[in-house]
2 protein chains.
Amino acid sequence: MKYPTLYQAFRKHIDLSPKAYLDLENRLIHKTLDKKEFLINEGQVIRYLPFIAKGLMVNYRLDGEGEKHVIQIRWAGLWLGDLYSFFSGAPTKFNIRAYQPTELLMINHETFDYITKKHPVYERFFRLSIQNAYIETLNQIFNLHSSSAEARYLELINNVPALLNDIPHYLIASYLSIKPQSLSRIRKKYK
Amino acid sequence: MKYPTLYQAFRKHIDLSPKAYLDLENRLIHKTLDKKEFLINEGQVIRYLPFIAKGLMVNYRLDGEGEKHVIQIRWAGLWLGDLYSFFSGAPTKFNIRAYQPTELLMINHETFDYITKKHPVYERFFRLSIQNAYIETLNQIFNLHSSSAEARYLELINNVPALLNDIPHYLIASYLSIKPQSLSRIRKKYK
DNA sequence: AGATTCCATTCACCTATGTTAATGGAATAA
DNA sequence: TTATTCCATTAACATAGGTGAATGGAATCT
């Protein structure tokens with residue numbers, strides 16, 4: 001078993017035999033990204049379901065003025081990507097980029113079809129994954145509605161204290177939906 | 001066929017024979033809600049997947065101060081509810097309420113299990129539905145990040161002009177994440 | 001019908017965050 | 001190493017949206 005983190009990620013949601021896991025593990029595509037390297041850009045079709053084995057990735061969209069808006073920040077142990085683009089074949093609207101040296105384990109369509117047919121428990125896993133991703137974004141909307149930027153900042157660094165050292169602050173500001181200057185202003189209050 | 005709207009909703013995503021559709025239609029639970037009647041409240045477990053045949057429903061969450069935050073507004077032809085609560089059995093954090101006389105067609109667990117086993121195409125439909133709901137919320141987050149309240153208002157009434165007559169303005173304000181006074185201020189500009 | 005509650009609107013004032021510009025240090029490139 | 005770009009921070013000023021209070025009309029209750 002080369003990637004116990006991945007096995008654990010599955011076991012959190014489904015009852016998966018080591019054998020069924022290894023059947024998948026042997027088919028994974030391993031990909032390494034340097035700091036600031038892109039996994040995918042707006043307009044491309046994503047052909048993989050990527051799991052972050054190590055590192056940190058940021059998912060942002062560009063608005064009409066070309067301004068970046070960070071929608072997701074994801075780290076080791078999590079999936080990311082654009083499920084819609086993967087399943088529908090439509091070009092993505094997202095830009096997904098590593099901000100630390102990152103290792104990905106990726107499932108392509110062929111492997112996805114194979115393992116969900118061979119081990120139906122994986123089908124359940126991916127349905128649960130989408131469901132969880134959906135719930136998480138609903139929470140994110142609720143937070144944007146109900147908490148101030150300051151409160152969102154405090155919650156974020158409380159949950160993921162390492163974040164401030166791992167990515168540029170302007171990306172954290174963008175994720176919080178404020179400008180870097182405002183983030184600085186908030187941070188000053190807590191020094 | 002009693003509910004062509006529902007059949008159309010399925011046909012938008014999957015290739016469904018009338019026979020397979022009728023097999024479901026006969027098992028639907030029909031529910032009528034009065035104006036302002038709740039479908040479900042925070043803390044309850046939702047036991048159905050509801051489709052809106054007629055009317056209009058609002059989904060909101062309460063924050064720590066007891067303030068309502070409207071997360072979704074949904075109308076005829078759409079599904080709603082809390083997929084997470086339905087599939088996991090966990091109590092919901094949402095309050096779902098009709099704001100017009102509403103008719104729902106609901107699928108319970110027994111029916112869900114039956115039709116997805118009998119007609120696997122339904123399985124695909126529900127995976128696509130979750131996926132679409134997920135994409136929609138990602139868009140909602142992007143809009144909250146990238147557009148002003150004024151721009152979000154203009155987009156909303158452009159997409160759903162009837163909304164202003166169908167629900168109280170304070171709910172629209174909440175959905176836009178502003179106060180009713182601010183909505184009035186914006187509306188004044190466009191008279 | 002009359003009383004009551006609810007709701008949209010307006011106004012004056014307030015606050016959080018945006019904007020523009022400047023600075024210096026850190027990271028990167030030559 | 002030096003030059004250059006990038007980034008976090010600060011400050012002064014600008015603005016979108018919040019707050020609290022008042023008003024009048026619509027809807028609901030008795």
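In what follows, chains are A, B, ... by sequence order, proteins preceding strands, each numbered from 1.
Distances were taken from every side-chain heavy atom of A/I178 (C-beta onward) to each of D/dA8, C/dT17, D/dG18; the shortest belongs to C/dT17. When distances are taken from the side chain of A/S182 to each of C/dG18, C/dT10, D/dG18, the shortest belongs to C/dG18. Of the candidates D/dG18, D/dT9, C/dA8, the closest approach to any side-chain atom of B/S184 belongs to C/dA8. If you check D/dA8, C/dT10, D/dG17 against the side chain of B/K188, the one that comes closest is C/dT10. Distances were taken from every side-chain heavy atom of A/P180 (C-beta onward) to each of C/dG18, D/dG18, D/dT9; the shortest belongs to D/dT9.
Atoms CZ (A/R185) and C1' (D/dA11) sit 10 Å apart, rounded to a whole Å. Atoms CG (B/L163) and P (C/dA8) sit 12 Å apart, rounded to a whole Å. Going from atom CG of B/L144 over to atom C1' of D/dG17 covers 15 Å, rounded to whole Å. To the nearest angstrom, C1' of D/dC7 lies 12 Å from CG of A/L183. Atom-to-atom, CG of A/L164 to C1' of D/dC7 comes out at 14 Å; the value is rounded to the nearest Å. Rounded to an integer number of Å, the gap from A/K179 NZ to D/dT10 C1' is 18 Å. Distance NZ (A/K189) to P (D/dT9): 16 Å, rounded to an integer number of Å. Distance B/Y170 OH to D/dG18 P: 17 Å, rounded to the nearest Å.
Judged by the 6.0 Å and 45° rule, B/R11 forms no cation-pi pair with B/Y21. Cation-pi geometry between A/R27 and A/Y114 is met: under 6.0 angstrom from the ring centre, within 45 degrees of the axis.
Put simply, B/H169 has no side-chain N or O that comes within less than 4.0 Å of OP1 or OP2 on C/dC7.
Among A/V70, A/D166, A/L156, the single residue meeting the side chain to side chain contact (heavy atoms under 4.5 Å, CB included) criterion with A/I172 is A/L156.
Using a cutoff of 4.0 Å between basic side-chain nitrogens and carboxylate oxygens, A/K117 and A/E123 are not scored as salt-bridged. Between A/E42 and A/R61 no salt bridge is recorded (no basic side-chain N to carboxylate O distance below 4.0 Å).
For D/dT19, its base never sits under 3.5 Å from the side chain of B/Q181 at any donor and acceptor pair.
When each of B/K191 and A/K36 is assigned the nucleotide of DNA chain C with its nearest heavy atom, B/K191 is the one assigned upstream, toward the 5' end. For B/K35 and B/E150, each mapped to the nucleotide of DNA chain D holding its nearest heavy atom, the one lying further toward the 5' end belongs to B/E150.
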